[in-house]
Novice: 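So that we are looking at the same thing, I have put the structure below in C-alpha cells.
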Amino acid sequence: MLEELNHRNLLKADTILVLITGETAMDLVMGGLEYRPDDYLAKPFTRNSLKAQLDKLMKQNQLLQPIYASINENKPNQVLSLCDVLPLKNKRAAMPCIKIKGDIILKSGKYAKAANIYNSVIEQKKLNWALMGLAKSYAGLDMLPKVKDLSERIICKNKYAPAAYDLLWETYCNLGDYEQAFNLLKTAIEISPNSLIRQMQLGYLALRYLDIENNEIKNIIEQTIGIEQSELFTQENAKKSQNYNKLGMLKFKKKDYVTANNAFRTALLNAPSNANIALNLLQCLYNLALCVQSLENLEPSDHRYTHSQNLFNHIQAQLATQTGKVQ
C-alpha cells in the first residue's frame, strides 16, 4: 500500500505512517524501509514504547506544520523561506529544514546549489541522507567520479543501502562499464528483492548490454514472476520475434523499407541474439541508403523536390538512429 501511495504521490507531507510488523527477515525489512515510512516497528513492543515513538513523531510533525502546509499547497518558494526562518525560532527544526530545503532544490535541477547545502551538513556530520543528496547533486552535474566515490562511501557505512547501489550502477553505465553495473544491480536486488522496478531494470540491462546466457535471464524472470509465467513470457517473445521478422520480409519484398526496418527492429528487440534478424535489418538499412542516394539527384525545380527532401530528412534520421543502435 505504501509503495502505491508513494508511486501515485497521494501522501500529504504531514502524514505520519508507521509500519508495524512481526516480520524480521532482511529482505522484507528492506522492502518496507525503501518506501520511506516515518518509522518501522518490529513486534514485540510494549504499549509505552509505541506511545513514546508516536509522541516523538507527532512533536516533530507539529514543529514543521507550517512547512508541510506549504508543501501540500505546492508553494516551493514559500517552503524555502520557511526553512530559513523556522530554525531561527527553534533550533530543533534546523536539520529537518535543511533536509527539506536540499530535496526541493535538488528536484528543481539547481544541482550546484543543492551540493552546497549538502556539503554544509557533511562538514558537521557525515549523515547518509546528506551524502546521498550530494551524490545525486554531482550526478546532475555529470561529475561521475565524485558520484562513484560518494556512493561507495555510503555503501561502506551501510551495506544495506539499495538507493546507493542504484546510483552506483547507473554511474557505471554512464562510464561504460556495463558488466560492473549489472553486478551492482544484482547486489541491490539481493538486498531488497521485492522491487519490481529494479527487477525490470536488471532485465533491460542484461538484454541491452551484456553477453550472458539466456538461462540466467530466465532465472531472474522466474524469481520475479514465477516459472509458469516466465515460460509464457519467453515463448511470447520468441513468437513475437518470428511474426515481426515475417512482416519485415514481406514489406522488404514490396520495397516498403521504412516499415520493414521498424518490423525487423522490433523482432530483434525480442530476440537480441538472432543473427538472421540482425542481417535482415542491416540489408534493409542498406536499401534505405540506396533510396536516399537516388533522392539526392532531383533538381530543386522538380515538382517532387520538396516532398523528396522531407523524405530524405526522415530517412536520414532513421538511419542515424538505427545504425547507432545496431552498433
Side-chain angles (χ1 to χ4, degrees), residues 1-43 45 50-83 86 92-93 95-111 114 117-118 127-130 132-133 135-137 139-140 160-167 170 185 188-189 191-204 224-225:
M1 182 187 71
L2 182 54
E3 177 186 7
E4 193 67 14
L5 289 170
N6 280 329
H7 177 70
R8 295 175 181 270
N9 199 27
L10 294 175
L11 283 178
K12 291 186 176 181
D14 55 349
T15 303
I16 296 175
L17 204 151
V18 180
L19 293 183
I20 296 176
T21 177
E23 297 288 353
T24 55
M26 180 56 68
D27 59 337
L28 294 173
V29 172
M30 291 307 304
L33 291 177
E34 274 213 79
Y35 299 109
R36 304 184 304 279
D38 294 280
D39 203 356
Y40 187 103
L41 296 179
K43 299 175 183 177
F45 52 83
L50 174 60
K51 182 180 184 302
Q53 194 59 28
L54 291 176
D55 286 345
K56 179 182 175 182
L57 291 169
M58 285 295 296
K59 191 177 291 185
Q60 179 165 308
N61 189 286
Q62 289 165 4
L63 176 65
L64 300 174
Q65 194 56 229
I67 292 175
Y68 290 150
S70 296
I71 292 173
N72 291 336
E73 292 170 9
N74 195 26
K75 296 179 178 178
N77 291 331
Q78 188 170 308
V79 173
L80 294 175
S81 297
L82 287 168
C83 284
L86 198 58
R92 290 191 300 110
M95 201 58 75
C97 283
I98 292 175
K99 188 174 182 179
I100 292 169
K101 186 176 180 178
D103 187 51
I104 288 175
I105 292 173
L106 183 62
K107 286 178 180 176
S108 71
K110 298 175 182 176
Y111 301 116
I117 291 171
Y118 292 120
L127 299 172
N128 272 8
W129 63 263
M132 195 69 196
K136 289 178 179 178
S137 302
Y160 301 112
Y165 284 97
D166 286 341
L167 199 54
E170 287 171 4
L185 186 49
I189 288 173
I191 293 169
S192 183
N194 296 324
S195 169
L196 291 179
I197 292 175
R198 199 174 281 121
Q199 295 278 6
M200 288 170 62
Q201 287 169 329
L202 184 67
Y204 289 138
T224 309
I225 61 176

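Residues: numbered from 1 along the sequence shown. Source: prediction; values computed, not measured.
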Novice: Can you check whether T21 reaches L41 side chain to side chain, under 4.5 Å on heavy atoms?
Specialist: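 T21 does not reach L41 side chain to side chain.
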Novice: For the residue pair Q201 and L185, establish whether any side-chain heavy-atom pair is separated by less than 4.5 Å.
Specialist: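 Yes, their side chains come closer than 4.5 Å.
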Novice: Any side-chain to backbone donor/acceptor pair from S192 onto A188? Under 3.5 Å, distance only.
Specialist: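 A pair under 3.5 Å: no.
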Novice: Find out whether L5 and T15 are in side-chain contact, i.e. whether some heavy atom of one side chain is under 4.5 Å from a heavy atom of the other.
Specialist: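 Sidechains of T15 and L5: no contact.
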Novice: What pair of heavy atoms forms the shortest contact from P162 to I191, and how long is it?
Specialist: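 Answer, listing the atom of P162 first, then I191: CD-CG2, 4.3 Å.
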Novice: Determine, for K59 against D55, whether the closest basic-nitrogen to carboxylate-oxygen distance falls under 4.0 angstrom.
Specialist: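 Salt bridge: no.
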Novice: Spell out, as yes or no, whether a donor-acceptor pair under 3.5 Å connects the side chain of N61 to the backbone of D14.
Specialist: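 Judged by distance alone, yes, a pair lies under 3.5 Å.
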Novice: Do L11 and L2 make a side-chain contact, defined as non-hydrogen atoms from C-beta onward lying under 4.5 Å apart?
Specialist: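 Side chain of L11 against side chain of L2, heavy atoms only: contact under 4.5 Å found.
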Novice: To check you understand the geometry: which heavy-atom pair defines the closest contact between P76 and I104, and what is its length?
Specialist: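 Heavy atoms of P76 and I104 come nearest at CB-CG2, 4.2 Å.
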Novice: Quick check: are there more than 12 heavy atoms from other residues, nucleotides or ligands sitting under 6.0 Å from OH of Y160?
Specialist: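 Atom OH in Y160 is not crowded, with 12 or fewer foreign heavy atoms closer than 6.0 Å.
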Novice: Hey, what do you get for CD1 (I20) to NZ (K43), rounding to the nearest 0.5 Å?
Specialist: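 Output value for this atom pair is 7.5 Å.
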Novice: For the residue pair S70 and Q78, what are the closest heavy atoms and their distance?
Specialist: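 Distance-wise, the nearest heavy atoms are OG-NE2, 2.8 Å.
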Novice: Are any of the side-chain heavy atoms of Y111 and L106 separated by less than 4.5 Å?
Specialist: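 Side chain of Y111 against side chain of L106, heavy atoms only: contact under 4.5 Å found.
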Novice: Check the pair D103 / K107 against salt bridge (Lys or Arg N to Asp or Glu O under 4.0 Å), numbers first and verdict last.
Specialist: CA-CA 6 Å; D103 187 51; K107 286 178 180 176; 3.2 Å; yes
Novice: Can you confirm whether L82 sits close enough to C97 that some side-chain heavy atom of one is under 4.5 Å from a side-chain heavy atom of the other?
Specialist: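 They are not in side-chain contact.
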Novice: Measuring from M58:CE to I16:CD1, what's the distance to the nearest 0.5 Å?
Specialist: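 Rounded to the nearest 0.5 Å, the CE-CD1 separation comes to 5.0 Å.
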Novice: Taking all non-hydrogen atoms of both residues into account, name the closest pair between I67 and C83 and its distance.
Specialist: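 The answer is CD1-SG, 3.9 Å.
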Novice: Do M132 and K136 come close enough that some side-chain heavy atom pair is under 4.5 Å?
Specialist: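 Of all side-chain heavy-atom pairs linking K136 with M132, at least one is under 4.5 Å.
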Novice: At what distance, to the nearest 0.5 angstrom, does CE of M95 lie from CG of L127?
Specialist: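 Answer rounded to 0.5 Å: 6.0 Å.
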Novice: If we only count heavy atoms from C-beta on, is the I105 to Y118 side-chain gap below 4.5 Å?
Specialist: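 Contact flag for I105/Y118 side chains = no.
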Novice: To the nearest 0.5 Å, what is the distance between CD (Q65) and CG (N72)?
Specialist: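 Q65 CD to N72 CG: 8.0 Å, rounded to 0.5 Å.
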Novice: Could you tell me whether the side chain of D38 and the main chain of L17 form a donor-acceptor pair under 3.5 Å?
Specialist: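 Looks like yes, one N/O pair under 3.5 Å.
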Novice: Quick check: closest heavy atoms across L80 and K101, and the distance to 0.1 Å?
Specialist: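 Residues L80 and K101, closest heavy atoms: CD2-CG, 3.6 Å.
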